[in-house]
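Taking it in order: structure first as structure tokens, then the write-up.
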Amino acid sequence: MNMATEQLNASPLTQLLQRQRSSYLAAPNPNYATRVEQLTRLKAAILQFKTPLVEALSQDYGHRSIDDSLISDIMPVINNINYSLKNLKKWLKPSARHAGILLAPAKVTVHYQPVGVIGIIVPWNFPVMLSIGPLVTAIAAGNHAMLKMSEFTPATNQVIKQLLAHVFDESHVAVVEGEADVAAAFSALPFDHLLFTGSTTVGRHVMRAAANNLTPVTLELGGKSPVIIAPDMPLEIAVERMIYGKCLNAGQICVAPDYVLCPKSKVDEFIAAYRTKFNAMYGAINHNKDYGSIINTRQFDRLMTVLEDAKAKGAHIISATDEAIDSQHRKLATQLITNTGEDMLLMQEEIFGPLLPIISYDTLDEAIQYINHRARPLALYVMSFDEKSQQKILQQTHSGGVCINETVFHVAADDAPFGGIGPSGMGHYHGKEGFLTFSHAKTVLSRGRFNTGKFVHPPYGTVIQRILMKLFLR
């Protein structure tokens, strides 16, 4: 054993993982009642800590809407627990499979078994939903878990740590904090499964680190999620259906509308409709408790750099309000941007904030082609009441998920998988698919006293074997 290996084995993260694995192996397949009891206690703790969580989220952001936090961070977790409790018994039941005539009279079943210790790397934008949400699924599947929280949400991290300590021993569920070096070390641990939520760039590093241990990964990434406004769609309705998805958490959402594809003749009308609706919903934002801040100076400066880059390269920028940008409180209304170019930072990376490029098109085929020539997005939003247009877009594009005449709400569908495709992610969680992701599907073949397997044993060339060959090799 070399010195580097000795240091790794002695690291606190490795020791924590070893404690969790030992604890898991002491009870490697908790029964239904145990899992229900754990989920029920977790739900009670979340409700008990609801107010401290909301206050901590606002503290971390400088300001975050109470309602945004309740609707987008707390409520989905409670719904997830309720859904899991309702369906867990059904998920745990072994699945009967067809043995086939060759194996008859054997019985074949698939048993869903916990994989062991799950690593969960949590981003800063929804630190409650994206930490406790996957944890709920991991616990439902019978696993232990280690959560690496973002260094940008220290107040929220402390509340989550206290909350989880009310329910679980650290050998069962543990919270880890630290900067990028800790995150890198965390992703290099030999977990039984690793879930990462974050950027595509960091996701590549996480997958590379996990590969060294052959650790299965679920990557929930992002990308540039488009909105297609079809020619038939009234713009007032299109804006009404999409604006909440762009303004929730000030656009700091992996599934937020990243850019809009709008018929060329309707771009000015779209901008006017967006400004009207934005002001009806939020009005002045600089002292508005319903509109959140950009989380920190680093992210605010990044967005301003992207905005200035677009402006310097000829983009036309129209703010959704007439207010000056409040850099002190990091408040930024939606910036509607036209005359964009591929050389702009705006069009090269996920925006993750309240900047909204508007790309004009002449035909729906042109809009579809624009999407298909770029990386596959995490979400695609279709604004159209025309069923032919809807089906055409669905059939000719790839994306992690789709909303028709809505944005972002598909994430809240408990009974459906959530995940990306290609650069926007790998694998699924939420609902039954999440339970399956964090379970090992173990096939079990069982025979009774009568053994048909002996008919294919050597010596070969028997009458029965020749009959079998004729039956199955045709």
Practice prompt. Give the intermediate values and the outcome of side chain to side chain contact (heavy atoms under 4.5 Å, CB included) for residues Val202 and Phe196.
Written response: CA-CA 9 Å; Val202 178; Phe196 168 78; 3.5 Å; yes

Practice prompt. Verify the ring-centre separation between Tyr429 and Phe438: is it less than 6.0 angstrom?
Written response: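 Centroid separation for Phe438 and Tyr429: 6.0 Å or greater.
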
Discussion item. Could you measure the distance from the CG atom of Asp414 to the NZ atom of Lys86? Nearest 0.5 Å is fine.
Written reply: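 Reported to 0.5 Å precision, the distance equals 10.5 Å.
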
Discussion item. How long is the straight-line distance from CD1 of Ile271 back to CG of Leu356, given to the nearest 0.5 Å?
Written reply: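 Result: 9.5 Å between the selected atoms.
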
Discussion item. Check the orientation of His144 and His172. Use parallel for under 30°, tilted for 30 to 60°, and perpendicular for over 60°.
Written reply: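 His144 and His172: parallel rings.
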
Practice prompt. Could you check whether the rings of Tyr274 and Phe278 sit parallel, tilted or perpendicular, using 30° and 60° as the cut-offs?
Written response: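 Judged by the thresholds at 30° and 60°, the geometry between Tyr274 and Phe278 is parallel.
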
Discussion item. Within the supplied structure, the quantity of interest is the number of heavy atoms (other residues, nucleotides, ligands) at a distance under 6.0 Å from Leu394 CG; does it exceed 12?
Written reply: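 Check passes, neighbour count above 12.
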
Worksheet item: Can you tell me if CE on Met281 sees more than 12 non-hydrogen neighbours from other groups inside 6.0 Å?
Response: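 Result for CE/Met281: enclosed.
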
Worksheet item: Considering only heavy atoms from C-beta outward, does the side chain of His166 approach that of Gln48 to under 4.5 Å?
Response: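 They are in contact (side-chain heavy atoms under 4.5 Å apart), so the answer is yes.
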
Practice prompt. Please examine the side chains of Ser399 and Val402, heavy atoms only from C-beta on, and report whether any two atoms are closer than 4.5 Å.
Written response: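 They are in contact (side-chain heavy atoms under 4.5 Å apart), so the answer is yes.
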
Discussion item. Name the residue from Thr156, Asn157, Thr153, Asn296 that meets the side-chain hydrogen bond (donor to acceptor under 3.5 Å, both in side chains) definition with Asp60.
Written reply: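 Among the candidates, only Thr156 passes.
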
Worksheet item: Can you tell which of Tyr32, Tyr112, Phe435 makes a ring pair (Phe, Tyr, Trp, His ring centres under 6.0 Å) with Trp91?
Response: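 Answer after filtering Tyr32, Tyr112, Phe435: Phe435.
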
In plain terms, say whether [X] and [Y] are close enough for a salt bridge, that is, a side-chain N and a carboxylate O under 4.0 Å apart.
X	Y	answer
Lys432	Asp415	no
Asp67	Lys289	no
Glu342	Arg374	yes

Practice prompt. Please check if the side chain of Arg41 supplies one atom and the backbone of Val167 the other of a donor-acceptor pair under 3.5 Å.
Written response: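 It does hold such a pair.
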
Item to complete: Tell me, please, which residues at least two apart from Phe385 pass ring-ring contact (aromatic ring centres under 6.0 Å, His included).
Response: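 If we apply the ring-ring contact (aromatic ring centres under 6.0 Å, His included) test to Phe385, skipping adjacent residues, there are no hits.
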
Discussion item. Could you check whether Arg64 and Ser69, counting side-chain N and O atoms only, form a donor-acceptor pair closer than 3.5 Å?
Written reply: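 The answer is yes; a qualifying pair exists.
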
